[in-house]
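Count residues from 1 along the sequence.
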Amino acid sequence: MTVRSIAEYLGDHPFFADLDAASIKELAGCARNEHLRAGEYLFREGGVAEHFYVVMHGRIALEIFSPGSGPHVLESADEGEVLDWPWLIPPHRWLFDARAVDSTSVVSLDSACLRAKCDADLRLGYEFLQRVAQVMSRRLDAARVRLLDLYGIPRPGMGGRADE
């Protein structure tokens, strides 16, 4: 069995697609592998967001806790996806809980190291910010659709408003 470097893992991940090898190697200097068992939490709501997580294998459920009814899964992140942006935006606090649904492997990038590398190389910082913004956009759109489904509001283009 061939042992692969973190840079090789990152280079194969869709989030890092088309990023040059030198940048990936630079980012890999902030990274380490982590493994979670099913049911184990990666982070908890309100905790300090000290890492950016890249899902390599398995599934992570993003949950919000309701005192009246317990945890609710809002979304999941599967192999080929990344986990959220609070590590990038002050006050750097997690907005949800993240729990491994099954045995899961992630690459964890230290957020202070990652932010420093992006600040030192503005081209890399801009490229990384664009990628994170795409993740944010997809997650916000998914949340919008879930809210429309939850409240039974017709979706745009599905017979909702007369001007569509």
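Connection of V135 to L62 is not established within any shared hydrophobic cluster, with ILVMFWY side chains joined at heavy-atom distances below 4.5 Å, either directly or through further cluster members. Cluster annotation: V55 is not connected to L74 through the hydrophobic network of ILVMFWY side chains, with a link wherever side-chain heavy atoms come within less than 4.5 Å. Both V107 and F16 are assigned to one and the same hydrophobic cluster, defined by single-linkage of ILVMFWY side chains at heavy-atom distances under 4.5 Å. By the rule that hydrophobic residues join a cluster once side-chain heavy atoms approach within less than 4.5 Å of another member, F15 and V106 end up as members of separate clusters.
The two atoms that bring F128 and C118 nearest to each other are CB-SG, 3.9 Å, heavy atoms only. When all heavy atoms of R99 and V73 are compared, the closest pair comes out as NH2-CG2, 4.3 Å. When every heavy atom of G11 is checked against every heavy atom of I24, the shortest pair comes out as CA-CD1, 3.7 Å.
A distance of 8.0 Å separates OG of S103 from CG of L36, quoted to the nearest 0.5 Å. Going from atom CZ of R131 over to atom CG of L19 covers 5.0 Å, rounded to the nearest 0.5 Å. With values rounded to the nearest 0.5 angstrom, R138 atom CZ is found 11.5 Å from L140 atom CG. Atom CG of L109 is separated from atom CD1 of I6 by 8.0 Å, given to the nearest 0.5 angstrom. The CG atom of L114 sits 8.0 Å away from atom CG of L124, with the distance rounded to the nearest 0.5 Å. Rounded to the nearest 0.5 Å, atoms CG (L83) and CH2 (W94) are 6.5 Å apart.
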Q: Could you go through the side-chain contact (heavy atoms from CB on, under 4.5 Å) check for F96 and E75 one step at a time?
A: CA-CA 10 Å; F96 308 107; E75 190 172 0; over 6 Å; no
Q | Residue pair L88, M136: steps toward the side-chain contact (heavy atoms from CB on, under 4.5 Å) verdict | A | CA-CA 12 Å; L88 181 62; M136 292 170 71; 5.9 Å; no
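Side-chain atoms of S111 come within 3.5 Å of backbone N or O of E50 as a donor-acceptor pair. Checked by atom type and distance alone, the side chain of Q130 never pairs as donor or acceptor with a backbone atom of E127 at under 3.5 Å. With D102 contributing its side chain and R59 its backbone, the two residues share a donor-acceptor pair below 3.5 Å. In terms of modelled atom types and a separation under 3.5 Å, the side chain of H57 and the main chain of T104 share no donor-acceptor contact.
Here salt bridge (Lys or Arg N to Asp or Glu O under 4.0 Å) pairs that include residues 103-116, with residues two or more places apart or in two chains, number zero. Under the disulfide (SG to SG under 2.5 Å) criterion, no residue pair touches residues 55-98, with sequence neighbours excluded. The disulfide (SG to SG under 2.5 Å) contacts involving residues 47-92 comprise nothing, where partners must be two or more places apart or lie in separate chains.
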Distance-only criterion, 3.5 Å: show the donor-acceptor pairs between side-chain atoms of residues 38-49 and protein atoms not counting sequence neighbours.
unit_1 : atom_1 : unit_2 : atom_2 : d
E40    : OE1    : R37    : N      : 2.9
Y41    : OH     : E63    : OE1    : 3.3
R44    : NE     : D97    : OD1    : 3.4

Using a 3.5 Å cut-off and no angle test, enumerate the donor-acceptor pairs between side-chain atoms of residues 25-32 and protein atoms at least two apart in sequence or in another chain.
unit_1 : atom_1 : unit_2 : atom_2 : d
E26    : OE2    : K117   : NZ     : 2.9
R32    : NE     : E34    : OE2    : 3.4
R32    : NH2    : E34    : OE2    : 3.0

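Relative orientation of the Y53 and H51 rings is tilted, given thresholds of 30° and 60° on the angle between their planes.
Under the rule for a salt bridge (charged side-chain N to carboxylate O under 4.0 Å, His left out), the partners of R4 that lie at least two apart in sequence or sit in another chain are D12.
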